[in-house]
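To start, the structure itself, in structure tokens.
Along the sequence shown, residues are numbered consecutively beginning with 1.
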Amino acid sequence: MSLLVIGGCGVMGEKKETAEPVGLKIMVPNTKGGGYDTTARAAAKVLQETNIARNVQVFNLPGAGGTRGLQETVKEKGNGKLAMQMGLGVVGAVYASKSRASFAETTPIAKLMEEAGAIVVPRDSPYRSIRELIAAWQSNPKSISVGGGSSAGGPDHLLSMMLAKAIGISPKRVRYVRHDGGGELLPAVLGGDVSFGVTGFGEFLEQIDSGELRVLAVTSEKPIDILPNIPTLESVGIRLTFANWRGIVAPPGISFAERKVWIESLTAMHDSREWKTELAKHGWTDAFMTGFEFAGYLTDQDRQVAEILAELDLA
């Protein structure tokens, strides 16, 4: 079982005729240090380094699994300078928190990237391999806690439940401990507050490289270059692949010209050498699409999340 992610590319093609935009703002709907935060700040950095845009600001507005930020984005109707960094986690959180706002009310701008999940433990964990962890979990599910950086319906939560089901554990028996983004999850994993963590591996590369965290397995179809010698779940006999993604939406009611500024700016960023460097640095997969193509993708992801939650008896 896997959550489908459909790649694509929407390239504008024409040369920008307008002056570089000034004062764009990207809202991150969870805490600093997580995947949304890292992605937004990488995008802002490249936009400014390449002179595509000037004075791009990133700010955090955490709460309710990202739906607080979604609600504020919807309230900012007509604000063409604002956009929200989001992804699969906020799509799922809409269901979990019974959010009054929905993505149908936003203006889809662009999908930026995809990232495989990882199963991580602190360096002093008793589990030295994914097989050891799975054996312990199967023998006594109540003794194992799983930490994730998303609320119910988010990528870490979905991955935890799908992994449990793949190895014969009822999702209802999973002790999932939610955190508001990777920034909160990291100290919980390092401190041993949870038995293991599930997250996008790119969020914790610094701690992985330093040896503070150990990756037991990744959820991609093939091994990941930036994590040599780390097995995929499929390679150890667990039939599960999974990928998270991140994109950007704007408030409702922005003008065609304002939407075009965002799409052209992010398309130019995507085509830059500097953005390709960021993708390689974080181990992200290029999965760029814009505008109406991204809107269709969002609708499809919303449907798939609802179906998976229902299949897992979680909706």
Side-chain angles (χ1 to χ4, degrees), residues 20-63 65-66 68-70 72-73 76 79 81-90 93 106 109-116 118 149-150 154-156 179-187 199-210 213 226 244-251 261-288 290 294:
E20 64 191 49
V22 179
L24 300 178
K25 296 181 179 181
I26 304 175
M27 176 202 297
V28 176
N30 59 16
T31 55
K32 291 184 178 180
Y36 291 162
D37 189 67
T38 302
T39 306
R41 293 182 191 280
K45 175 173 169 282
V46 173
L47 286 169
Q48 294 181 119
E49 284 181 348
T50 54
N51 295 317
I52 294 169
R54 288 189 290 120
N55 192 25
V56 181
Q57 301 176 47
V58 176
F59 67 99
N60 298 74
L61 187 67
R68 179 189 175 200
L70 175 61
E72 290 302 316
T73 299
E76 288 288 322
N79 185 352
K81 293 287 189 179
L82 177 69
M84 184 182 82
Q85 180 71 64
M86 51 75 65
L88 180 59
V90 187
T106 67
I109 300 296
K111 176 186 173 188
L112 301 181
M113 45 70 74
E114 292 174 1
E115 180 182 44
S150 61
D156 298 350
H179 302 80
D180 196 359
E184 285 191 6
L185 175 61
L186 178 59
T199 183
F201 69 87
E203 297 187 41
F204 297 158
L205 277 178
E206 182 179 338
Q207 291 75 27
I208 293 167
D209 290 341
S210 70
L213 287 179
I226 203 169
N244 188 15
W245 58 270
R246 297 185 197 115
I248 286 179
V249 296
V261 165
W262 275 108
I263 290 177
E264 288 193 340
S265 297
L266 292 173
T267 299
M269 180 200 77
H270 165 261
D271 294 341
S272 71
R273 181 178 64 251
E274 289 82 356
W275 182 247
K276 291 176 174 60
T277 298
E278 289 295 323
L279 291 174
K281 173 183 173 182
H282 297 284
W284 295 335
T285 299
D286 187 6
F288 191 69
T290 63
F294 180 46

T285 and W245: CA distance, side-chain angles, deciding distance, side-chain contact (heavy atoms from CB on, under 4.5 Å) verdict: CA-CA 9 Å; T285 299; W245 58 270; over 6 Å; no
L266 vs I248, side-chain contact (heavy atoms from CB on, under 4.5 Å): CA-CA, chis, key distance, verdict: CA-CA 10 Å; L266 292 173; I248 286 179; 4.1 Å; yes
side-chain contact (heavy atoms from CB on, under 4.5 Å) evaluation trace for T277 with V46: CA-CA 10 Å; T277 298; V46 173; over 6 Å; no
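In this structure, M86 CE and T73 OG1 are separated by 10.0 Å, a value rounded to the nearest 0.5 Å. We find the OG-CG distance between S272 and L47 to be 8.5 Å, quoted to the nearest 0.5 Å.
In this structure, I226 and A280 approach most closely via the heavy-atom pair CD1-O, 3.6 Å. Smallest separation of non-hydrogen atoms from F201 and A118: CB-CB, 3.7 Å. Between K81 and V22, the closest heavy-atom pair is NZ-O, 2.6 Å. Nearest heavy atoms, A110 versus F288: CB-CE1, 4.0 Å. Here the closest heavy-atom approach between residue Q48 and residue V56 is recorded as OE1-N, 2.9 Å. Across every non-hydrogen atom of D156 and G200, the tightest pair is OD1-N, 4.3 Å.
For the ring pair (Phe, Tyr, Trp, His ring centres under 6.0 Å) test, residues two or more places apart in sequence or in another chain that qualify with W284 are H282. A search for side chain to side chain contact (heavy atoms under 4.5 Å, CB included) contacts involving E203 returns T199, R246, not counting sequence neighbours. By the side chain to side chain donor-acceptor pair (under 3.5 Å) test, D209 is found to be paired with no residue, residues two or more places apart in sequence or in another chain being considered. In this structure, the side chain to side chain contact (heavy atoms under 4.5 Å, CB included) partners of A250, at least two apart in sequence or on a different chain, are T107, I109, I254. Taking P29 as the reference, Y36, M84, V90 meet the side chain to side chain contact (heavy atoms under 4.5 Å, CB included) condition, with sequence neighbours excluded. In this structure E72 satisfies the salt bridge (charged side-chain N to carboxylate O under 4.0 Å, His left out) test together with K75, sequence neighbours excluded. For K25, the side chain to side chain contact (heavy atoms under 4.5 Å, CB included) partners two or more places apart in sequence, or in a different chain, are Q57, F59, L82. Evaluation of the side chain to side chain donor-acceptor pair (under 3.5 Å) rule for T38 yields no partner, not counting sequence neighbours.
In terms of modelled atom types and a separation under 3.5 Å, the side chain of E274 and the main chain of T50 share no donor-acceptor contact. Looking only at distances, a side-chain donor or acceptor of T31 sits under 3.5 Å from a matching main-chain atom of D180. Put simply, the side chain of S265 never gets that close to the backbone of W262: no donor and acceptor are under 3.5 Å apart. At least one donor-acceptor pair closer than 3.5 Å links the side chain of N60 to the backbone N or O of N30.
With no hydrogens or angles considered, a side-chain donor-acceptor pair links D286 and H270 at under 3.5 Å.
Residue pairs that meet the salt bridge (Lys or Arg N to Asp or Glu O under 4.0 Å) test with at least one member in residues 39-51, sequence neighbours left out, are D37-R41, K45-E49, K45-E278.
When side chains are defined from C-beta on, L112 counts as touching M269, because their heavy atoms get closer than 4.5 Å. Looking only at side-chain heavy atoms (C-beta outward), L279 and M113 come within less than 4.5 Å of each other.
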